[in-house]
Amino acid sequence: MTKRKRSSARPTKPLIRASMRIGPLDAPAVVGELRQIHEEAEDPDVERMPADDELFGALLYVEKHVQALRRQSTEVQRAAALKRVQLWEYLREQTEIHQARAVDDARNAGAQWIQLAPAMAVGAPNAAYNKAKRLKAVELIDETPLANHVRRTPEAVLKAERRLALEQAAERRAQEAAQRLHELMVPVATRLLEQREALLRDDDIDYWLEEIEAVLPHCQTPLQMVSLNRYLDAALRALTKLERRSARSAALTEEARLALAAAVELQQGQVLSNEAGFSDAQVPGA
């Protein structure tokens, strides 16, 4: 009977169980709790304990002065020790994040992996590269609904980095397209207002054109651009409804027709741009 071959897991395959991490923690508050425990134990040197935001120094202090708690109950000693364990784990996680950033800065400054190897306590350039990728796993999440941290393998980190790069590129394209549309919106809206008297109008259309007229001179901030876009869209929808009711074009002159067509084309272009941005954003997780 032949033995069934053990299938090797893909390096980028997410772990079945999410890795446990301390994550965000109010470390100074926990140090303050340790300080209070030592004060209540009448630690004679507690005034020499570093400040609450000096995490490393505070941990070294409470480790050195653990005997000051010997007269406290077992529960108090256990609670203090558990807080130390939690803070050391938190510090380790933070160290990985900051070391990964330091490696990025070194690489951006032209440092070679062979130069980074001794600084990262490894013996070869490829080992430095692999360790750097494992450090990056701390700040990267996978594409699963639970958004778990990626596996600590170079392959998993590279996959996550490629996905992140695609997402960022899609976001940049969407922002650039939005900026181009916004630059066109002011002249298009201005041209439509200039042809107001050559348009079929009702109360709704007059209302939205007045809103456009009010915001147009001050259209500089993103919020103002959003307002202008909303008013222009509402005016075009009102014009379309009026055309359907009257069974005739809302534009009474050729200039008005061209101004209205430009506004419609701009709004349609914005819809297509938004759809393209949404589609691009879906690519990485496909």
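In terms of heavy-atom proximity, Pro125 sits nearest to Ala117 at N-CB, 4.4 Å. Summarising the geometry of Ala58 relative to Ala51, their closest heavy-atom pair is CB-O, 4.4 Å, with the distance given to 0.1 Å. Across all non-hydrogen atoms, the minimal contact from Leu199 to Ala251 is CD2-CA, 4.1 Å. Considering every non-hydrogen atom in both Arg191 and Ala259, the closest pair reads CG-CB, 3.8 Å. The minimum heavy-atom distance linking Ala256 with Ala198 is given by the pair CB-O, 3.4 Å.
Here Glu39 does not pair with Arg35 in a salt bridge; the nearest charged N to carboxylate O distance is not below 4.0 Å. Salt-bridge check for Arg245 with Asp202: passed, with a basic side-chain N closer than 4.0 Å to an acidic carboxylate O. Here Asp105 does not pair with Arg101 in a salt bridge; the nearest charged N to carboxylate O distance is not below 4.0 Å.
Taken from CD in Gln72 to CD in Glu40, the straight-line distance is 7.5 Å, to the nearest 0.5 Å. Atom CD of Glu63 is separated from atom CH2 of Trp88 by 6.0 Å, given to the nearest 0.5 angstrom. One distance of note links CD of Glu33 with CD of Gln86; it measures 8.5 Å at 0.5 Å rounding. Expressed to the nearest 0.5 Å, how far CG of Leu192 lies from CG of Leu239 amounts to 7.0 Å. The CD atom of Glu93 lies 10.0 Å from the CG atom of Leu91; values are rounded to the nearest 0.5 Å. Within the model, atoms CH2 of Trp113 and CE of Met120 stand 6.0 Å from one another, a figure rounded to the nearest 0.5 Å.
A single hydrophobic cluster is seen to contain both Val188 and Val215, as judged by linkage of ILVMFWY side chains at heavy-atom distances under 4.5 Å, directly or through other members. Transitive grouping of hydrophobic side chains (ILVMFWY, heavy atoms separated by less than 4.5 Å) keeps Ile37 and Val62 in distinct clusters. Linking Ile, Leu, Val, Met, Phe, Trp and Tyr residues whenever their side-chain heavy atoms come within less than 4.5 Å leaves Leu69 and Val31 in two separate clusters.
Residues Leu193 and Leu216 meet the side-chain proximity criterion, which asks for heavy atoms closer than 4.5 Å. In this structure, Val122 and Tyr129 have side chains that are not in contact, with every pair of non-hydrogen atoms separated by 4.5 Å or more. Under the 4.5 Å side-chain criterion, counting only non-hydrogen atoms from C-beta, Asn229 is in contact with Met185. Considering only heavy atoms from C-beta on, Leu34 stays 4.5 Å or farther from Tyr61 through its side chain. A heavy-atom distance below 4.5 Å is not found between the side chains of Leu236 and Trp208. In this structure, Thr190 and Glu194 have side chains that are in contact, with non-hydrogen atoms separated by less than 4.5 Å. Side-chain contact between Leu55 and Leu59: present, with at least one pair of heavy atoms (C-beta onward) separated by less than 4.5 Å. Side chains of Val66 and Arg84 form a contact here, defined as non-hydrogen atoms less than 4.5 Å apart.
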field: Steps toward side chain to side chain contact (heavy atoms under 4.5 Å, CB included) verdict (Asp45, Met49)
entry: CA-CA 7 Å; Asp45 298 320; Met49 182 175 174; over 6 Å; no
message: The test is salt bridge (Lys or Arg N to Asp or Glu O under 4.0 Å); show your working for Arg71 and Glu42 and say whether it passes.
response: CA-CA 10 Å; Arg71 295 182 180 178; Glu42 299 182 351; 6.0 Å; no
task: Determine, stepwise, if the pair Lys131 / Leu116 fulfils side chain to side chain contact (heavy atoms under 4.5 Å, CB included).
output: CA-CA 11 Å; Lys131 185 173 182 178; Leu116 280 162; over 6 Å; no
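Shown here is Asp203, whose CG atom has no more than 12 heavy atoms of other residues, nucleotides or ligands within 6.0 Å. The environment of CD in Glu47 is sparse: at most 12 heavy-atom neighbours from other residues, nucleotides or ligands sit within 6.0 Å. Atom CG of Leu252 has more than 12 heavy atoms from other residues, nucleotides or ligands within 6.0 Å.
Judged as a ring-ring contact (aromatic ring centres under 6.0 Å, His included), and not counting sequence neighbours, Tyr90 has no contacts.
No side-chain donor-acceptor contact under 3.5 Å links Glu197 to the backbone of Gln195.
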